[in-house]
Each structure stands twice: as structure tokens, then as C-alpha cells.
Amino acid sequence: MTTFLELLITGISLGSVYALIALGFVIIFKSTEVVNFAHASLLLAGGYFAVVSRDTLGFWLALLVGIAGAALLGMLLEFLIIRRYRGRDHSVLAIVTIGIDIVLITELARRIGPQIFSYRDPWGNTMMQLGPVSIPQTRVAAFVVAAALITVFLLAFRYTSWGVAMRAAAEDRGTAALMGVRLGWISASAWAVAGALAAVAALFLSIFPTTGLDRETGLIALKAFPAAIIGGLDSTTGALAGGLIVGVTQSLATGYQSELSFLGNGIGDLAPYLVMVVVLLIRPAGLFGTRELSRV
Amino acid sequence: MSDLLTRVRRGAGEKGPGGPASGRPGRTPRDLVTPGLWLLLGLVLMLLPFYLEAFWLRAGLFAMAAAIGAIGLNLLTGATGQLSLGHAFFLAIGAYGYCVFAGDPDAGVVGFGMPPLLAMVLAVLLAGAAGGIFSPIAGRLRGAYLGIATLALIFIGQHVLFNAHDLTGGYNGRSVPPLDILGFTFDNERVMVASVPFQAVEKLWYLGLILLVLGALFARGILRSRPGRAMNAIRDHRIAAGVMGVPVARYRGAVFIISSMYAGLAGVLLALIFQRTVPSYFGLILALEYLAMIVIGGLGTVGGAVLGAFFVTVIPQVLTRYSEALPLVSAPGTGGVAPGEVSRYLYGAAVVAAVLFLPGGLVRLPAVLRARRARRRAGTTDTGNMEVPS
């Protein structure tokens with residue numbers, strides 16, 4: 001039972017980090033209708049900016065540099081590439097982001113090389129005791145930070161004029177533009193927010209119990225794709241639910257791997273994808289996604 | 001909707017704006033030149049194994065195998081608009097399926113010891129069947145949803161390849177039994193043809209050519225006939241296509257199966273060239289490379305898939321071979337920019353550039369240039385006319 005509780009808490013914490021990534025993914029999709037396959041490289045870029053500036057600036061400032069760097073990079077991509085596309089087919093634009101991803105990941109992997117960067121974070125490998133359950137402090141920090149960021153974002157999405165403009169643009173681009181919403185600014189800011197969230201996620205994906213940031217860290221972000229799909233690509237609530245489902249599934253499948261040994265090694269990394277396939281079979285638009293209706 | 005109509009009309013005109021009136025009698029010289037060029041190209045390709053060294057033949061073979069796979073993906077993604085990131089999975093099924101069906105039963109891994117030709121056919125059918133199992137999902141989803149759903153296939157595939165030791169040989173992979181057609185074996189035993197020693201590469205070259213030509217003709221047949229029009233209609237306007245009587249879900253499922261079979265065939269050919277299949281090859285990178293191929297070459301056309309496949313597969317090999325002679329490129333492991341990385345920058349950037357500046361890919365390049373030249377010529381005469389009064 002203790003093991004189960006530990007795994008569940010770890011899963012929820014991991015899931016909240018995935019939710020951060022998936023949320024960025026969903027924001028980009030809602031505001032520009034682009035499925036951003038370059039999200040993994042945005043995350044790795046944020047992490048990289050942070051770890052290279054950590055020695056001179058210290059942890060907190062370096063983290064800020066990482067967040068700002070990833071946000072700026074996201075904005076630049078939107079401004080230089082996504083905005084230039086004049087066609088209508090958005091799956092072609094998805095392939096463009098794959099091209100961007102190939103270039104960015106190759107460059108970052110070349111810079112990082114075989115090294116593993118540690119963030120030198122204030123939490124270290126201290127454990128926390130909650131009754132019978134002991135969990136790493138980093139996991140608690142991850143959950144608290146992710147929950148706070150998500151709350152702030154959802155409130156901003158609901159109440160600020162930026163959030164209203166963004167929702168209007170997602171609803172109907174043409175009408176929103178006529179009402180004075182600057183669509184270019186909306187999509188650029190969506191990419192910036194997504195980059196910033198990914199940079200925060202990069203931090204929590206590469207501190208204890210993980211060894212550090214290496215060139216494979218971007219691959220972990222790929223698990224946020226099933227998270228976004230399970231919840232529904234156009235739903236912020238869905239991103240949260242999907243993130244938690246993926247996190248808990250992965251944590252439980254990894255924890256009980258010995259009982260699942262007939263499925264082979266590393267089933268924990270596969271489990272989110274299997275869940276996604278099952279969900280898609282039952283609900284093709286995801287759990288919270290709007291079922292697409294078309295008027296002819 | 002008007003977009004759809006122009007597309008259809010362009011397809012019916014066969015050669016687009018450049019070659020009108022192709023159905024009428026009284027052929028222009030140009031109509032005779034094109035088949036002549038194809039004949040010449042075919043002849044050159046047939047003669048290449050007599051002159052080129054093994055390195056170039058291998059590079060060409062890889063490109064041919066990739067071209068077959070890319071044609072399949074282009075039917076799915078280019079012509080029908082269904083994004084797939086799972087193409088590498090079906091390549092793996094083809095490669096490993098062939099090994100399992102044709103493999104030696106006593107070699108420590110499962111092998112049925114079937115005749116290799118039969119094994120090849122069965123492997124392609126197996127890939128199709130795997131696509132069929134996935135088609136309940138492939139038929140209902142579209143665009144990005146399908147892209148991410150097929151991402152699952154990659155990870156499932158990698159998991160199975162690494163873990164099912166009896167079938168796949170695990171991490172170290174398994175060796176590929178050579179192909180054998182009616183007693184002629186495609187192995188490394190030297191056969192002298194016109195005093196040129198023919199080894200596996202030279203023999204496989206012709207197999208690759210035949211398979212590529214057949215695959216290309218079949219795909220062209222699909223694209224230029226009723227199913228092809230239906231697929232394009234689904235891509236351009238799903239609902240209009242449905243209203244006009246195209247069974248959208250069934251078509252999507254069927255195209256997915258056909259594209260998997262192309263991937264399976266490409267996988268078999270790749271396995272025969274490698275002579276050993278390893279699981280790490282069939283990962284996400286490979287699937288992304290295939291998408292890069294069709295975007296760079298040209299979405300929705302057979303020629304585009306072939307061009308893109310050559311671009312993406314041959315460039316890394318050329319860069320590796322001449323890495324000392326090129327500026328900015330250094331040999332792998334020396335700390336500089338390795339050839340593999342340069343080629344990834346190149347094709348990653350090429351994908352972005354192709355979509356932004358050359359929609360339609362490399363195949364449309366001659367037409368775009370011709371149009372631009374025509375426009376410039378028209379522009380100069382216009383200004384000339386305006387200058388006349390003064």
C-alpha cells in the first residue's frame with residue numbers, strides 16, 4: 001500500500017509536469033491551429049540556456065534565463081517561419097515544425113554532446129516524509145510549481161484581456177480580427193507562453209531523481225503529445241487531465257514492472273502511448289476535446 | 001471548393017499549363033522528347049553497375065528503397081492528407097517479417113525457412129495486415145491527431161523489437177537470408193558479367209530498379225484514376241468528398257494499408273541491402289526522414305517522393321565520403337560539425353524552405369522557374385510597349 005501511495009504521488013507530480021508541456025502544446029494549437037512537433041526542442045533549448053548560464057548567474061537567475069530564452073525562441077519561430085506560411089493546410093505546417101525540430105535538436109545535441117548537466121538546484125536529493133510515505137523534495141516542488149503556474153495561466157486565460165483575446169481568436173479568427181484583436185500578437189504570445197512553460201518543465205524533468213539534463217531530455221517531452229491527445233487537443237482542461245493520466249500510468253507501470261515482466265523491459269515508457277491508442281479508439285477527439293461538427 | 005476544382009482540372013490536363021492539348025492528334029516534338037528522355041535515363045540506370053564502384057551503388061540502392069517507402073507515405077500524407085509519423089514501424093515489419101519467414105529454422109531465432117521470394121511477398125502482406133489492424137484508428141482520425149497516434153506505433157515497434165528476442169534477435173538484430181529467385185541468389189558470390197564482377201550490390205541494383213519502377217507505376221495508376229481523385233478530394237475537402245459519394249473512412253483505411261505495404265516492401269529491400277537488421281535503425285528519426293523526403297520532393301506526386309528520397313538519403317553519404325575535402329565539415333568524433341549533423345541541418349532546413357518558398361517541392365521547380373522566366377519576359381515586353389509612345 002505504501003508503495004502504491006508513493007507511486008501515485010510520484011505519478012501525480014510527474015503528471016503535473018507533463019501537463020505543463022501539454023498545456024503549451026494546446027495553447028499553440030488553439031491560437032494558431034498548428035500542431036507543434038518542435039515542442040521537444042523548445043523544452044531542450046530552455047533547459048540548455050538555463051544550465052549553461054547557471055555557473056555565472058546562480059540557479060534562480062539561470063532558470064529565468066532559460067525561461068526567457070525558450071519564450072523568445074518560440075516567438076522567433078512563430079514570427080520567422082509559422083507566420084510566413086500562406087497555404088491553408090495545417091498538417092503541412094505540422095511537418096514544417098518537424099523540420100524545425102530536426103534542425104534545433106541536432107544543434108542542441110551537438111552542443112550538449114555526451115555531457116550531463118546538473119542544475120545545482122536548492123532541493124538536491126533530500127527526501128520528505130509524509131506519514132509512511134517518503135518522496136523526494138523535488139517531486140513536491142514540481143507539483144507545487146506546476147499547480148501554481150497552471151492556476152495563474154488559467155486565471156489569466158479567463159480574466160485578463162489577453163486571455164479574452166486569445167479565446168476569441170481560437171473561437172473565430174476572422175471575427176476576432178474585426179473586433180480589433182491583433183492575431184499576430186496573439187499567436188506570438190502563445191508561442192512565448194508555451195516556450196516558457198516548457199522551460200520550467202525542463203527543470204523538473206532533469207533534477208533528482210533524474211541525473212541531469214542531457215541530449216535525450218527532449219525525448220521525454222514526447223510523452224506530452226499523448227497527454228495532449230488523451231485530453232483533447234483543443235482543451236486546456238484536457239491537457240491537465242491528460243498529463244495526470246500519462247504521469248500516473250507511467251509511474252505505476254514502471255513501479256510494478258516486475259509484475260508486468262511478461263510485457264518486456266521498459267513498459268513504463270510505452271504505457272502512455274497504449275493508453276492513448278485505447279482512448280482514441282473510444283473517443284477520437286480525446287476525453288475533453290470538442291467533437292468536430294461541420295456546417296455545409 | 002474552387003481549390004478542389006482547379007486541382008482536378010490541373011490533374012486532368014496531365015502536364016499542367018506547359019503541355020496543353022495532349023490528347024489531340026498531331027503530337028508536338030515535345031511529346032516525343034519526354035519518352036525519349038525516360039528511355040535514356042532507364043538505359044543509364046541499367047548500365048551504372050558496370051561503371052560505378054560499390055559505394056555509389058549502395059547509396060543508390062538505399063535511395064531506391066527509400067523511394068519505394070516514400071511513394072507509399074506520399075499516397076497517405078501527400079495525396080490523402082493523413083499525417084503519419086509511424087512509417088518506420090511498417091518498414092520494420094517488412095524487414096523483420098522477411099527475416100522471420102525466410103530465416104533458417106535452426107539459427108537460434110524463429111525462422112520458417114520458406115523460399116525467400118514467398119517470404120518477401122508474405123512480409124509485404126504482413127505489413128499491410130498491420131496497417132489494417134491500425135485502420136480503425138487511421139480511418140477515423142485525421143491530421144495531427146493521426147500523426148500523434150501513429151507516434152505510438154514507433155514506440156510500440158521499438159519496444160517489441162528490443163524485447164521479442166526470439167523473433168527479432170533483440171538489440172543485436174538478426175542476419176538477413178539472401179534473396180533467391182528461381183535458383184539465382186542475390187548474395188556476395190562473384191558472378192562475372194562482361195568481365196565485371198557482380199556481387200550482392202550489383203545484383204540487388206536491378207531488383208531495386210524493377211521494384212521501384214513497378215511501385216512507381218502502380219502509385220501513378222492510383223493517383224491518376226478514380227481512387228486518386230477521391231483521395232485528393234478527401235484531402236482538400238473532406239465533407240464535399242463525402243457528399244459526392246466518397247466513402248471517406250474506408251478510403252482512409254485503405255490508403256493506410258497500401259502505404260504500409262509500400263513501407264513493408266521498402267523494409268524488405270533495406271534488409272537485403274544491410275544484410276543485418278537492427279532495431280535502433282527503425283526509430284523516430286527514420287520516420288521523420290521519410291516525412292522530410294516527401295515534403296522536399298513534393299507532396300502528392302510519385303516523382304516528388306523519388307526526388308526527395310534521393311535528396312535525403314544520398315546527401316549524408318556523400319558528405320561522409322568527402323568530409324575531409326569540404327569546409328566546415330569534419331570527420332565524426334573530432335568535435336566539429338559531423339557530416340551526419342550537416343545533412344540533418346540541410347534537410348531540416350530544406351523542409352522549412354520547401355514549404356515556405358516552393359510549395360509543391362522539388363518536382364515543381366522546373367515549372368516554377370519556367371513560369372518566372374515567362375513572367376519576366378512578359379514584363380520586359382510590357383515596359384517596352386509603354387516606352388513606345390515617348
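All chains are named by letter (A, B, ...) in the order of the sequence lines, taking the proteins before the strands, and each is independently numbered beginning at 1.
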Let me know which of A/I82, A/V34, A/T32 forms a side chain to side chain contact (heavy atoms under 4.5 Å, CB included) with A/S187. A/T32

Result of checking A/V277, A/V246, A/L280, A/V279 against A/I229 for side chain to side chain contact (heavy atoms under 4.5 Å, CB included): A/L280

Can you tell whether the side chains of A/R167 and A/E171 come within less than 4.0 Å, N to carboxylate O? no

Would you call B/R344 and B/E341 a salt bridge, using N to O less than 4.0 angstrom? no

Part of [X] within contact of chain A (heavy atom distance under 4.5 Å):
| X | result |
| --- | --- |
| B/I148 | both |
| B/L146 | neither |
| B/Y347 | side chain |
| B/L153 | neither |
| B/L346 | neither |
| B/L141 | side chain |

Between [X] and chain B, with a heavy-atom cut-off of 4.5 Å, which part of the residue counts as in contact: side chain, backbone, both or neither?
| X | result |
| --- | --- |
| A/L233 | both |
| A/I230 | neither |
| A/L270 | side chain |
| A/L274 | side chain |

With chain B as the partner, which of A/I95, A/V35, A/L93 has the greatest number of non-hydrogen pairs under 4.5 Å? A/I95

Backbone of A/L7 reached by a side-chain donor or acceptor of A/S251 within 3.5 Å: yes

Do other residues, nucleotides or ligands put more than 12 heavy atoms under 6.0 Å from A/R84 CZ? yes

